[in-house]
Structures are given as C-alpha cells and as structure tokens.
Amino acid sequence: MARTRLARQQGAGLAFVSPYFLVFAVFGLFPLVYTAWVSMHEWTLLAGKVEFIGLENYRELMVDSAFWRAMVNTFGIFVLATVPQLVVATVLAQMLNTRLRSRTFWRMGVLLPNVASVAAVGIIFGMIFARDYGIANWLLGQIGLDAIDWRAHRWSSWLAIATMVDWRWTGYNALILLAALQSVPKELYEAAKIDGASAWRQFWSITVPMLRPTLIFVTIVATIGGIQLFTEPLLFNPGANAISGGNRGQFQTVAMYLVQEAFTGQRFGYASTIAWVLFLVIALVAAINLLLLRRIRSAD
Amino acid sequence: MSLRTQTGGAADRRDVVAPRAVDELAGSDRGSGPRRRSKVTGASPLMYVALTFVVLLSAAPLYFMLVMASRANSDILGIPPPLLPGDQLASNIDRVFANADVQFGRALLNSLLVAGTATVAVVVSSALAGFAFAKLKFRGSNVLLIVVVATMMVPVQLGLIPLYMLMTKIGLAGGLASVTLPFLVSGFGVFFMRQYALQAIPDELIEAARVDGASTLRIFWSIVFPALRPAAAVLGLLTFMERWNDFLWPYIALDFNHPTVQVALSRLSGGYYTDQALVMAGTLMGTLPLVVVFILFGRQIVGGIMEGGLKS
C-alpha cells in the first residue's frame, strides 16, 4: 500500500514538474547550446550553414575592434550606472526602514519607475536629453552651463544612458535591500545605541555588513542586466541607424552589436559567437559572485 | 538565482517568513502587526522631505511624458519647455491610433493577448511544479530543483539566434506565438511557488485527502491551488508586467503586421520625422495600463518584489 502510494507520488511529481522542464528545454536550453554549435560555422541568414570553421569566429572576434569598443561601452555604462545605483539604493532602503506613516505609499513611490517599460523609458529620456529642446539642457542653462550634445560624445551618451538605468532600477533594488534590512535583528541596533554608536557608525558597522550577501546578489542581477543592455541605448537614438549606437558607435553595446551582426549583417555564426562569449562573461561573473558569497559566509 | 538556497542554511529561516509576507501583500493585514510594533527608528520630518524629493524624482519623467503628450508640437519645441499639461491630449491620442504604420490599437490587443497567456501559463505551471517540489516525494527532486534555480541564470536573449531559427523552422516566426511560447514557464515562478507551498499547505491536509481516495491531480485542483492563491496573484502580476514590457525578443521576432505595444512604440519613435507629441501620446498609452495595475495592486507588487528578492 505504502509502496504504491510512493510510486504514485513518483509519477505525479515528475508529471507536475514536466511542463516547466519541457518548455525550458525547447526554448531555453536548446537555443543556448545550439548557439555554441552555430558559432562554429560560417552561417548566414539567407544561405544557411556554409561550413564548419571551428573556433575561427572566436579568433576573429578577439581582434574585432568594433566588438571591443562595444565591450568597453557596455562595461563603462554598467559601472557608471551600477555604482551610484547601489549606493543610493542602500541609503534609500535605510530611509524606508524607519517608522514611516503610509509606508506602502513610499514604497510604491520609489518603485514607480520600474513599472514603466524600458522602451518607454528610452523614448522619454531620449527627449529629455535632446540637444536642442531637451529638459536636461534647459536645466543646465538655468544654472549657467552650456548645452551638451548628449549623443555626440562617448562620456555624455554613457552618462545619459546610465541615468535611464538608474532611474528605472534604484527603487527596485532599494526594496530588495529593505527586505534584507528587515531581517536584521533589532537588538543589534539597540545594543549599538546603548554603547553610544552614532547613526553613521551603526550604518557602517551593522547595516552594511548584514546587507553584504544581498548587496552581492543585487550586484550580480544588475551585472547580468547591464551586460545585456540593449533597449535604452537603442531608443536613445531612434531612427534608421539606431542599432549602430551613434555615428561612431560611441554607445553601441555588445547586445546591440550582436543584433546588428545577426540581422543587419546577416551573419548568424558570428553573432552566435558574440552571444556565447556574452554568456561566458555572465557565467564568470556569477561564479565570482558565488565564490565571494561562500567566503563571506565562512568568515561569519 | 537563489544563492542563499544553494549555499543552504538561511533558506529554512526564510521559508517560515514567506507565506505571511505574501499574505500581507496580497491584501490581508494580519502579517503587518508584529513588524509595525517592532522597534525601528522613528522618522524625522527631514526624512519625509527627502523621501518626497525621491518620489518626485521618480514621477518626474512620467509627468514630463504627460505634459508632452498633451501639447501641440509647436509648444514642445520651445525654450523654456512647457511645464504644465496642455489641451491636446485627445487629439494626439487620436493621431496615434490613426497612424497606419504603427497599428497601435492592434498592438495593445496583441500585448494583452501575449502577456495574458504567459501569465496564466506561468501561474499554472509554476503552481504545479512548486507543489511537487514542496510536497511530493519523488526521486531526483533535489537535483531538478537545483536545475530550476540554475536556469534562472540563463536569460532567453542569449539564445536569440537559434530561437529565431527555431521559430522560422516551425513556421511561427513573425507571429505572436513566437513571443509567447518561450515564456510559458518561469524558473523564478517555480521557486516562488515552492517556497510558498512549503508553509501554506499542511501535510495533514494532503494526507487526509489521500485517505479519502483523491488523486494527486484532484488534490492539486481542489486543495493546493486554492491555498496557493495569494502567491499566484503576486506571481501573476509580476509576470504580466514583465511580459507587457518585454522588448528585445519581440523587436526581433515579430513581423510588421504583429507588433506588441513596445515594438509599436519603437516604430512610433523611429520614424523619419520628429512628431514628439505623437510619440509621447503613444508612450503614455503604452504605460497607462501598467500604471493603473500598479495603483490598484501596488501593495502586492511591492511585496512580491521584496519576497522574490529575499528568495531569489
């Protein structure tokens, strides 16, 4: 009796998890693995598979200056966006963790930007950072500074794109950090207060260490998102050549270069190489993160 | 992406918190009592000023969108830029819907269809798998759960090219099915549901139903799924918003005649002329449904994110 019941659970368990695994295998895992295969071919959109060339695409990619430019752009924008984002999010989480009236309102308020679609954000900020009639330049004018042609330079376009990313994600990260903050035992703060620790000292000696695992988690999510950055820079400069990220590719990200090679250049094989390298970079970042996390846990 | 769970330890403690927190965010207030009583620093007036500033900054670009969507183009291109809404909103919106290149009305319907289908599918498939992982004993479940967590790391976009080739091969490229099928399941969803099911469903309840002779599927539909409803609501909201806002894959996969809202927006702004009022009216229309959802269910959405962040 017990045996048949267990057998039934075995079947039911596998049956119940199978929809997830079936769909993931077909639309998640297969494409990823197949990307590696395609990347070892001269493979075009129209002609299909032409020949197996092994790691030739990878060799070409390593000396492709457009790829490295896109890589530098991606990481430049990522750093510019992530560092202030996490600092502000941590402070914001601390602020939201005080006893507030109508706390749901404040939490929703900081999350509001995340509700807007990334396409909408790209379009709206594209207009805010317009050269001639944009609000950003008008504000600069109000404080006596010259207008900036945001799209024309590398640093200014990076800054504008990083601003979009920050605007959309800071509140989201603040909420995740807030959730972590709420699991910090209150006694720690009380004890610190009795010992006469200032708010600043409490922040550095209690809040930041307790948040460290969550901070690393938030960093890795931001990294995975940042490495794939696509829509904001694409819609920052709408028009026929949006995919090239400015006239000199000054804000073309790796994801944009991938799509350009695949669908404009029609080079599936080469674009797959870019995708697979991108995946390896993400996996590497994830691995480093896990190692860091392990170290922190064992240090406790 | 649950790093905590992979490294063990902390996960168990989280499990205990999960259902209460989701319940709280799904509307009932019973979970918020202890927290409110707990000793946290009181907020000073300065804190309210600072937070007000942050919230204004959050809302400003959206307000700016409304201002531009409600003005004539001749107003927008001026220095200083207009700071108050005008009276052209209705006519700008009319022009958005009249634009044959963009097919905005159709795009709205498409997005509703795509996001709605994904929402229902993700909720059901995640509930099934989450229940199995939490409450059924089957060989390999531990390994499979680790696989689920690992898949949360794999963004669909990285398989972009083969996915496109696959869709072409099976004759779905260009149509709505191509942007719906890959998102019928979610690793995050499975994990989210498992965490909730662990605590929300007592083993005795399932055991009692079994003694009465109910099949596992029957138990799922009549006992488990109703008990999972608060978590399902949160997961459904998060999924709907994510799918509604998706851009990269629909931008590549969909043909001219099947835009979703986000693709339509990119078309609207990518024209050769700069009709900013028109573009902003479109952006407003594409954002408004989500803002409405957010205002109605903001509490649950905030909670879902805080929950998911802890767990994932």
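Computed from heavy atoms alone, side chains included, the values below leave out hydrogens, waters and symmetry copies. All chains are named by letter (A, B, ...) in the order of the sequence lines, taking the proteins before the strands, and each is independently numbered beginning at 1. Owing to the predicted nature of the structure, the values given are computational and were not obtained by experimental measurement.
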Measure [X] against the heavy atoms of chain A and call it side chain, backbone, both or neither at under 4.5 Å.
X        : value
B:Ala127 : neither
B:Ser186 : backbone
B:Ser141 : neither
B:Phe294 : both
B:Ile252 : side chain
B:Leu290 : both
B:Leu284 : neither
B:Leu265 : both

Please identify, among [options], the residue contributing the most non-hydrogen atom pairs under 4.5 Å to chain B.
options                               : value
A:Leu235, A:Ile128, A:Val110, A:Val38 : A:Ile128
A:Asn237, A:Thr35, A:Val259, A:Val26  : A:Thr35
A:Phe279, A:Trp106, A:Tyr189          : A:Trp106
A:Tyr34, A:Tyr20, A:Trp138            : A:Tyr20

> Checking side-chain contact (heavy atoms from CB on, under 4.5 Å) for the pair A:Phe230/B:Phe247: CA distance, chi angles, key distance, verdict?
Replying inline: CA-CA 9 Å; A:Phe230 176 82; B:Phe247 179 74; 3.9 Å; yes
>> I'd like to know if the side chain of B:Asn245 reaches the main chain of A:Val115, judged simply by a donor and an acceptor atom lying under 3.5 Å from each other, with no hydrogens or angles considered.
In response: yes
> A:Gln10 side chain to B:Arg139 main-chain N or O, any donor-acceptor pair under 3.5 Å?
Replying inline: yes
>> Working note: B:Val148 + A:Phe24, criterion side-chain contact (heavy atoms from CB on, under 4.5 Å); need CA distance, chi angles, decisive distance, verdict.
In response: CA-CA 9 Å; B:Val148 170; A:Phe24 178 77; over 6 Å; no
>> If you apply the rule side-chain contact (heavy atoms from CB on, under 4.5 Å), what do you find for B:Val279 with A:Ile123, and how did you get there?
In response: CA-CA 8 Å; B:Val279 175; A:Ile123 293 169; 3.4 Å; yes
>> For a side-chain contact (heavy atoms from CB on, under 4.5 Å) check, start with the C-alpha distance between A:Leu45 and B:Tyr164, then their side-chain angles and the critical distance, and finish with the verdict.
In response: CA-CA 10 Å; A:Leu45 183 56; B:Tyr164 185 82; 4.1 Å; yes
>> Is there a side-chain contact between B:Val54 and A:Val88 in this structure, where contact means two heavy atoms from C-beta onward sitting under 4.5 Å apart?
In response: no
> In terms of heavy-atom proximity below 4.5 Å to chain B, should A:Val121 be classed as side chain, backbone, both, or neither?
Replying inline: neither
> Relative to each other, are the rings of B:Phe131 and A:Phe16 parallel, tilted or perpendicular (30° and 60° limits)?
Replying inline: tilted
> Among side-chain atoms of B:Tyr251 and A:Thr231, is any donor-acceptor pair under 3.5 angstrom?
Replying inline: no
> If you take all heavy atoms of B:Met65 and A:Ile124, which pair is closest and at what distance?
Replying inline: SD-CD1, 3.5 Å
>> Can you give me the closest heavy-atom contact between B:Phe138 and A:Gly13, atom names plus distance?
In response: CD2-CA, 3.6 Å
